[in-house]
There are 2 protein chains.
Amino acid sequence: MAKHNCTDCKIRSVAENFLSNDEFGSLESNSAEVSFKKGEIIIKQNALSLNVVYLRSGLVKIHMAGPAKEKILRLVKAPSYLGIPTTLGNKINNYSVTALQDTSVCFIDANFFKMLIAGNGQFASEIILELCKNELFDQQRTVNQEQKQLPGRIADTFLCMSERLFDNDEFEVPLSRNELADLIGTTRESLSRVLGQFCKENIISLDGKIMKIIDRPKLQQICDLG
Amino acid sequence: MAKHNCTDCKIRSVAENFLSNDEFGSLESNSAEVSFKKGEIIIKQNALSLNVVYLRSGLVKIHMAGPAKEKILRLVKAPSYLGIPTTLGNKINNYSVTALQDTSVCFIDANFFKMLIAGNGQFASEIILELCKNELFDQQRTVNQEQKQLPGRIADTFLCMSERLFDNDEFEVPLSRNELADLIGTTRESLSRVLGQFCKENIISLDGKIMKIIDRPKLQQICDLG
DNA sequence: AAAAAAATGTGATTCAAATCACAAGTTAAC
DNA sequence: GTTAACTTGTGATTTGAATCACATTTTTTT
């Protein structure tokens with residue numbers, strides 16, 4: 001694998017803080033740093049899952065082919081691990097991961113990652129914590145998606161982007177309208193209509209992909225009332 | 001806590017096989033065995049999450065109050081841990097767990113459980129594996145639920161019950177029609193109509209809650225085509 | 001055993017969102 | 001710089017499933 005230096009890596013995961021010097025040394029020889037351009041596939045659905053991926057910088061989408069069309073499960077920004085569930089839980093990848101911006105990742109050999117976990121409970125604890133939080137988040141999202149109607153789901157999605165990804169009232173939506181629909185669980189046309197409505201009511205403003213939340217309380221209200 | 005004996009427990013979890021004698025001893029003094037009757041609440045949403053629960057025998061539903069109504073997230077049969085995500089990932093319970101049959105569980109002190117994980121990577125590995133598999137299962141279910149229409153979702157649910165819970169073509173649905181609707185993500189009325197249709201087409205037969213799959217290939221086909 | 005409460009099935013109606021259809025705008029290719 | 005390919009917005013129509021309404025059956029309580 002490519003020569004690189006993990007010990008001095010400035011972008012450590014929380015879990016990595018619990019690794020010993022020895023473990024860091026082994027990590028170096030069992031991982032490889034790779035760059036991806038926007039649009040490139042980092043993890044491919046149905047391929048063998050041989051690596052856990054550590055996302056060092058950038059933004060990605062986790063997505064899978066559903067029975068009828070593509071579904072975007074989640075957007076993930078650095079720093080974060082990618083593919084742990086599918087790499088540890090299945091031989092082949094249940095989902096794809098694609099870069100939404102230029103990103104830098106480290107591929108970590110799956111067996112080595114398993115060894116790290118088995119040999120270091122504190123490291124494992126942090127991995128478990130991340131998995132637990134993701135499960136809670138996904139459950140909440142599943143219920144919202146199922147019980148809220150479209151305007152509520154769209155409001156929810158934008159608030160989430162603003163708060164969790166960009167920490168800003170104004171941001172560039174990192175998805176096409178079609179992708180945004182795949183994330184929200186609707187169609188491009190229906191999304192477009194609601195977006196138009198939100199603009200007309202001065203809740204948000206849109207200029208292409210640049211999105212600004214103008215009336216956050218109103219948007220929150222639409223989110224809450226479903 | 002109640003006096004009981006973990007070392008000789010016949011119903012160990014896979015993870016527990018990796019515990020040392022010492023760890024088993026501590027587990028005994030940090031856990032309590034409790035029985036629940038059908039309908040009783042084992043974990044209560046919004047209460048403080050102070051325990052991980054090990055389900056020794058019986059069947060439970062994991063459910064939460066959504067924005068509009070109750071949602072059943074999953075049915076779980078023994079042996080399995082319950083509440084790990086919410087106990088490790090949040091101070092209060094994100095969801096409830098209710099017994100669908102008479103069940104026996106062990107409450108395990110959350111801090112002790114965290115210590116077990118941090119101190120024993122192999123134990124942690126097994127917990128991680130369970131969390132990973134659950135996440136994959138939930139993701140698949142989320143996409144199916146969103147993209148399949150009602151008959152497909154209902155077929156999916158019955159096939160899943162038959163294969164994963166009862167391992168039989170004939171079984172007693174452990175839920176009321178209302179609960180079944182909350183699991184599938186529909187209403188009692190819509191569910192009832194599709195059920196009537198399935199019976200009329202001789203795909204299943206229903207006598208109250210006793211359900212028999214007559215034409216499995218047809219049911220699978222409805223599931224697959226959505 | 002009678003009465004009350006809860007669960008279930010079924011028809012009529014409504015509605016949110018998907019689908020269909022097409023125009024306009026934007027980006028990429030030659 | 002012109003053509004082609006893709007993306008986006010918007011109106012008209014259709015439709016799957018929710019809602020409403022009520023009868024019937026089953027279960028629980030007294």
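- Whole-Å rounding puts the Gln197(A) CD to dG9(D) P distance at 14 Å.
- Shown here for Ile42(A) and Val105(A), the closest heavy-atom pair between the two residues is CD1-CG1, 4.2 Å.
- Residue Arg188(B) contributes atom CZ, which lies 10 Å from atom C1' of dT10(C) at whole-angstrom precision.
- Under a 4.0 Å N-O distance rule, the pair Glu135(B)/Arg74(A) qualifies as a salt bridge.
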Are there any protein N/O atoms within less than 3.5 Å of an N/O atom in nucleotides 12-18 of chain C, and if so, which ones and at what distance?
| unit_1 | atom_1 | unit_2 | atom_2 | d |
| --- | --- | --- | --- | --- |
| dA17(C) | OP1 | Leu150(A) | N | 2.6 |
| dA18(C) | OP1 | Thr186(A) | OG1 | 3.3 |
| dA18(C) | OP2 | Thr186(A) | OG1 | 2.9 |
| dA18(C) | OP2 | Thr187(A) | OG1 | 3.4 |
| dA18(C) | OP2 | Ser190(A) | OG | 2.4 |

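- Taking five base pairs at each end of the helix from dA1(C)-dT30(D) to dC30(C)-dG1(D), the local helix axes there meet at an angle of 50°, rounded to 10°.
- The stretch residues 170-179 of chain A has no heavy atom under 4.0 Å from DNA chain C, so no residue of it qualifies as close.
- A heavy-atom distance below 4.5 Å is found between the side chains of Leu165(B) and Leu59(B).
- With sequence neighbours excluded, no residue satisfies salt bridge (charged side-chain N to carboxylate O under 4.0 Å, His left out) with Arg164(A).
- Between Leu195(B) atom CG and dG9(C) atom P the separation is 7 Å, expressed in whole Å.
- Distance, Ile210(B) CD1 to dT8(C) C1': 16 Å, rounded to whole Å.
- Here Arg216(B) pairs with Asp169(B) in a salt bridge; the nearest charged N to carboxylate O distance falls below 4.0 Å.
- Glu130(B) and Ser13(B) are not linked by any side-chain donor-acceptor pair at a separation below 3.5 angstrom, with hydrogens and angles left out of the test.
- Pairs engaging residues 63-94 of chain B under the ring-ring contact (aromatic ring centres under 6.0 Å, His included) rule: Tyr54(B)-Tyr81(B), Tyr81(B)-Phe113(B) [sequence neighbours left out].
- We find that CG of Asp207(A) is positioned 13 Å from C1' of dT26(C), with the value rounded to whole Å.
- To the nearest angstrom, P of dT8(D) lies 11 Å from CG of Leu206(A).
- When the side-chain nitrogen and oxygen atoms of Lys209(B) are compared with OP1 and OP2 of dT8(C), one or more of them lie within a distance under 4.0 Å.
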What pairs of donor and acceptor atoms, side-chain ones from residues 180-194 of chain A against any protein atom, are under 3.5 angstrom apart with sequence neighbours left out?
| unit_1 | atom_1 | unit_2 | atom_2 | d |
| --- | --- | --- | --- | --- |
| Thr187(A) | OG1 | Ser190(A) | N | 3.3 |
| Thr187(A) | OG1 | Ser190(A) | OG | 3.1 |

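- What separates CD of Glu189(B) from C1' of dC20(D) is a distance of 8 Å, to the nearest Å.
- Pairs passing the salt bridge (Lys or Arg N to Asp or Glu O under 4.0 Å) check and including a residue from residues 43-64 of chain B, sequence neighbours excluded, read Glu33(B)-Arg56(B), Lys61(B)-Glu179(B).
- Within the structure, salt bridge (Lys or Arg N to Asp or Glu O under 4.0 Å) pairs that include any residue of residues 196-209 of chain A comprise Glu201(A)-Lys218(A) (at least two apart or interchain).
- Legend: ring-ring contact (aromatic ring centres under 6.0 Å, His included) pairs involving residues 145-178 of chain A, not counting sequence neighbours, sorted by first then second residue: Phe166(A)-Phe171(A).
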Tabulate protein N/O versus nucleotide N/O from nucleotides 26-30 of chain D, keeping only pairs under 3.5 Å, one per line.
none

Let me check something: any side-chain donor-acceptor pairs from residues 219-226 of chain A under 3.5 Å, sequence neighbours excluded? List them with distances.
| unit_1 | atom_1 | unit_2 | atom_2 | d |
| --- | --- | --- | --- | --- |
| Gln220(A) | NE2 | Asp224(A) | OD1 | 3.1 |

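- The ring-ring contact (aromatic ring centres under 6.0 Å, His included) pairs that include a residue from residues 185-226 of chain B number zero, where partners must be two or more places apart or lie in different chains.
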